[in-house]
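To keep things clear, I will list the structure first and then write my remarks on it.
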Amino acid sequence: MSNSLPQSLVLIGAGKMGGAMLEGWLRIGMDPAGISIIDPKPSDEMVELAGEKGMRLNPSAKEIPAADVVVLATKPQMLDTAAPAVQAFIHPRTLLISILAGKTLGDLAARLPSAAAIIRAMPNLPASVQRGVTAAAPGKGVSAAQRATADALLGSIGKVEWLGDEGLIDAVTAVSGSGPAYVFHLVECLAAAGAAAGLPADVAERLARATVEGAGELLFQSPLPPGTLRQNVTSPGGTTAAALEVLMADDGLKPLMNKAVAAAKRRAGELSG
């Protein structure tokens, strides 16, 4: 892992996702002296962390060595205004990793012409607890060594799925990017159903939350497919089977989820460019 880590990295944007990635890099052993953070309004926690670890905070491009990697983690709508400043940190051998939703490899290359090697990545919120999943699509100029570096950096916050087609990113956004919100809403709905069945609302919420937490951990630890795990919980003619008859009906959860993911994918496409 350490052999793949860059000697110098510039993080542009140290919000929730940028901060989560930074913590991951430090955890896997990247030298903080090689990290520079660019953020016009860093949080008090980020200022404290930078000072404690000896990371550069808001240096000029002239103050830091040529960066091996630049990670772009600002809000997508800031790309046009931030591009000139970002460009100053990019050198011919720099790898640019962007987590900007909706901004394609073509968008990035047009606005940052100095970037010869670009990777577009889509992490998700559980990165903040090192249980995220990131899908990544490399541009044509990315070398095998740069891809290994990106894999190490992105892997510090969870699993990494490499895509051969950047066009799949919108679908990724709809499944794993937005997916945590679907799970959180499932907990809300399960808790509400429990309350409707007679449980005190606070008890129903704790039960629903713990159930999804436990099921997620079982998915994480078990090599069995989700369908097999579902079958293992379901006794023929039992209570779970009765509920699944509703959820697995022709108008049940599957068509609803298809519709939801399609809507998210469509919106992701509308936000591109």
Side-chain angles (χ1 to χ4, degrees), residues 6 8-22 35-43 46-47 50 55-125 127 134-142 146 149-150 153-154 157 163 165-174 176-178 263-273:
S8 59
L9 181 150
V10 178
L11 171 64
I12 300 179
K16 290 183 179 179
M17 190 59 71
M21 296 174 76
L22 176 61
I35 299 175
S36 299
I37 303 164
I38 308 297
D39 193 308
K41 296 180 179 179
S43 66
M46 187 58 61
V47 172
M55 296 180 287
R56 298 182 180 89
L57 182 60
N58 289 324
S60 69
K62 295 180 180 179
E63 294 178 82
I64 63 176
D68 296 328
V69 177
V70 169
V71 177
L72 190 53
T74 64
K75 294 180 179 179
Q77 58 267 34
M78 294 177 61
L79 177 59
D80 287 338
T81 55
V86 175
Q87 182 88 339
F89 294 100
I90 298 175
H91 301 273
R93 296 183 180 179
T94 299
L95 169 64
L96 174 66
I97 301 175
S98 168
I99 65 167
L100 305 191
K103 298 305 179 183
T104 67
L105 293 172
D107 295 331
L108 296 161
R111 292 164 175 79
L112 301 166
S114 295
I118 306 175
I119 289 175
R120 183 182 174 193
M122 174 54 62
N124 67 355
L125 182 62
T134 301
K140 294 181 179 180
V142 177
Q146 287 174 322
T149 293
L153 293 172
L154 297 173
I157 53 172
L163 305 175
D165 179 4
E166 185 202 358
L168 297 174
I169 288 284
D170 286 348
V172 167
T173 301
S176 60
S178 300
K265 180 183 176 183
R266 182 170 59 251
R267 183 56 179 158
E270 292 169 354
L271 293 173
S272 297

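Side chains are part of it too, since the values below use all heavy atoms of this structure and drop only hydrogens, waters and symmetry mates.
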Applying side chain to side chain contact (heavy atoms under 4.5 Å, CB included), name anything that partners Arg266, two or more places apart in sequence or on another chain.
Ala263, Glu270
State, yes or no, whether a side-chain contact exists between Leu153 and Pro6 at a heavy-atom distance under 4.5 Å.
yes
Minimum heavy-atom separation for Pro138 and Ile119, please, with both atom names.
CA-CG1, 3.9 Å
Lys75 side, atom NZ; Met17 side, atom CE - distance, nearest 0.5 Å:
14.0 Å
Does a donor on one side chain and an acceptor on the other come within less than 3.5 Å for Thr104 and Asp107?
yes
Is there a donor-acceptor pair under 3.5 Å between the side chain of Asp68 and the backbone N or O of Ser8?
yes
Does the side chain of Leu108 come within less than 4.5 Å of Leu72's, by heavy atoms?
yes
Can you find a pair of side-chain heavy atoms, one from Leu57 and one from Pro42, that are under 4.5 Å apart?
yes
Over all heavy atoms of both residues, which pair between Leu96 and Ala115 is shortest? Give the atoms and the distance, please.
CD2-CB, 4.1 Å
Among Ile99, Thr134, Leu11, find the residue that satisfies the side-chain contact (heavy atoms from CB on, under 4.5 Å) test when tested with Met21.
Ile99
Can you tell me if Asn58 uses its side chain to pair, donor with acceptor, with the backbone of Asp39 under 3.5 Å?
yes
Evaluate the side-chain proximity of Thr74 to Leu100: yes if any heavy-atom separation is below 4.5 Å, no if none is.
yes
Is there a side-chain contact between Glu63 and Arg56, using heavy atoms and a 4.5 Å cut-off?
no
Which atom of Phe89 lies closest to which atom of Ile38, heavy atoms considered:
CZ-CD1, 3.7 Å
Kindly compute the distance separating CE (Met122) from OG (Ser178), expressed to the nearest 0.5 Å.
8.0 Å
Side-chain heavy-atom pair Pro123, Ile157 within 4.5 angstrom cut-off
yes
Passing candidate, side-chain contact (heavy atoms from CB on, under 4.5 Å) with Lys265, options Asp170, Leu168, Ile169, Thr173
Asp170
Atom CG of Leu112 and atom CD1 of Ile90: how far apart are they, to the nearest 0.5 Å?
4.5 Å
Between the side chain of Glu166 and the main-chain N/O of Leu105, is any donor-acceptor distance below 3.5 Å?
yes
How long is the span from the CZ atom in Arg93 to the CD atom in Gln146, to the nearest 0.5 Å?
10.5 Å
Ignoring hydrogens and angles, tell me if any N or O in the side chain of Ser98 forms a donor-acceptor pair with the backbone of Arg120 under 3.5 Å.
no
Ile64 and Pro59: which non-hydrogen atoms are nearest, and at how many Å?
CG2-CG, 3.7 Å
Scanning both residues in full, the closest heavy-atom pair of Ala73 with Gly18 reads CB-CA, 4.2 Å
What is the minimum heavy-atom distance between Ala67 and Thr94, and which atoms define it?
O-OG1, 2.7 Å
